[in-house]
Amino acid sequence: MNAIGPVEPGEDTYGRENTHGRKAAAPRAAWRAPRRHHRTTLAAAAAVLLGAAGLILHLTRPEPPPAPPPPWPSQSVAVTYTGEMSRPRAGERNFTFAVTVTHEAGPPVSVRRVAQPSAALSVRVSPATPFTVKSGTPRKLIITMHIRECGEVPRNAGLPFLEVTLRNARANERQSYILGPEYANDLSGALTAACPRTRVS
């Protein structure tokens with residue numbers, strides 16, 4: 001048999017000795033990247049995808065509606081007469097009574113001033129203004145009424161309502177509070193006792 005070159009190995013000859021007594025070389029395995037590199041690449045790709053998804057959600061999310069403004073201070077504050085009207089003697093010029101200031105809801109309200117419209121009367125408040133009223137924490141006020149001139153006190157005791165200046169985060173308001181028939185009757189009795197010659201209805 002005439003041939004040129006070495007005889008090629010046949011099937012199943014790898015790993016065995018060839019005809020010259022040497023082991024034939026095993027075929028080279030394909031190169032594979034380390035597994036650590038694959039994990040790093042997958043983690044980076046996942047982070048990119050999550051970041052893109054978060055950006056899309058942020059850009060497509062509708063803007064929340066603006067928070068409603070707080071109520072007007074006069075809408076959230078009530079002033080009620082709680083009695084305790086003192087009875088002055090004839091000639092005395094001061095007497096006291098109590099009111100309660102209640103704040104229903106919303107941000108705190110500052111009570112800036114308490115007054116009344118009659119020029120013949122003046123008021124002093126304890127605690128002194130300004131003070132703050134918070135929701136769920138009523139404040140009891142002691143009002144001292146001072147009679148400046150007996151001849152000028154109002155004949156209709158229901159007229160001297162209280163004027164209360166209120167302030168919150170929304171506005172500054174002056175609100176008139178009519179304290180009801182019990183207050184009018186007690187005030188009439190106190191004015192009559194202090195100024196017996198004055199007609200007070």
Side-chain angles (χ1 to χ4, degrees), residues 50-88 93-149 152-192 194 200-201:
L50 286 174
L55 180 61
I56 291 172
L57 287 175
H58 177 72
L59 294 176
T60 58
R61 183 177 58 187
E63 289 293 328
W72 295 94
S74 60
Q75 294 175 336
S76 62
V77 171
V79 178
T80 55
Y81 173 63
T82 54
E84 304 177 37
M85 181 82 69
S86 65
R87 182 59 63 95
R93 292 295 181 260
N94 295 326
F95 58 95
T96 61
F97 59 93
V99 298
T100 299
V101 180
T102 305
H103 178 41
E104 296 176 359
V109 173
S110 174
V111 179
R112 312 296 294 178
R113 184 171 180 265
V114 178
Q116 55 76 49
S118 173
L121 302 171
S122 64
V123 298
R124 187 173 68 249
V125 184
S126 178
T129 57
F131 58 86
T132 300
V133 182
K134 298 181 180 179
S135 178
T137 308
R139 297 291 298 267
K140 181 179 179 180
L141 309 183
I142 301 299
I143 308 291
T144 300
M145 190 79 76
H146 174 71
I147 302 172
R148 291 175 173 169
E149 179 57 51
E152 300 296 330
V153 295
R155 296 180 180 275
N156 183 351
L159 290 179
F161 48 82
L162 291 184
E163 293 178 340
V164 183
T165 303
L166 304 169
R167 182 177 181 179
N168 69 356
R170 180 170 184 172
N172 192 76
E173 280 188 297
R174 186 173 66 181
Q175 180 71 13
S176 297
Y177 290 93
I178 299 174
L179 302 182
E182 183 181 358
Y183 167 74
N185 291 335
D186 289 351
L187 180 60
S188 176
L191 292 175
T192 301
V200 179
S201 59

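Just so we're clear, the structure is a prediction, and the values are computed from it rather than from any experiment.
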Mind checking whether [X] and [Y] have side chains closer than 4.5 Å, heavy atoms only?
X      : Y      : answer
Asn172 : Leu166 : no
Val77  : Thr102 : no
Tyr177 : Val99  : no
Thr165 : Arg174 : yes
Pro127 : Leu141 : yes
Met85  : Leu187 : yes

What are the two closest non-hydrogen atoms of [X] and [Y], and how far apart are they?
X      : Y      : result
Ser76  : Pro71  : CB-CG, 4.2 Å
Leu121 : Pro154 : CD1-CD, 4.0 Å
Pro73  : Ala171 : CG-O, 3.7 Å
Val101 : Val111 : CG1-CG2, 4.4 Å

- Query: Should the heavy atoms of other residues, nucleotides or ligands under 6.0 Å from CZ of Arg93 be counted, would the total exceed 12?
  - Reply: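 Counting neighbours around CZ of Arg93, more than 12 heavy atoms of other residues, nucleotides or ligands fall under 6.0 Å, so yes.
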How far does [atom1] of [X] sit from [atom2] of [Y], to the nearest 0.5 angstrom?
X      : Y      : atom1 : atom2 : value
Arg112 : Thr132 : CZ    : OG1   : 8.0 Å
Arg167 : Arg113 : CZ    : CZ    : 15.5 Å
Asp186 : Phe95  : CG    : CZ    : 10.0 Å
Leu162 : Ile178 : CG    : CD1   : 10.5 Å
Ile142 : Thr82  : CD1   : OG1   : 7.0 Å
Arg139 : Lys134 : CZ    : NZ    : 10.0 Å

Keeping the roles fixed (side chain from [X], backbone from [Y]), state whether a donor-acceptor pair exists under 3.5 Å.
X      : Y      : result
Glu173 : Ser74  : yes
Ser188 : Ala184 : no
Glu182 : Tyr81  : no

- What pairs with Arg170 under side chain to side chain contact (heavy atoms under 4.5 Å, CB included), at least two apart in sequence or on another chain?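 By the side chain to side chain contact (heavy atoms under 4.5 Å, CB included) rule, Arg170 matches Pro69, Pro70, Trp72, Asn168.
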- Task: Please assess Ile143 against Val125 for the test side chain to side chain contact (heavy atoms under 4.5 Å, CB included), listing each intermediate value before the final yes or no.
- Result: CA-CA 5 Å; Ile143 308 291; Val125 184; 3.9 Å; yes
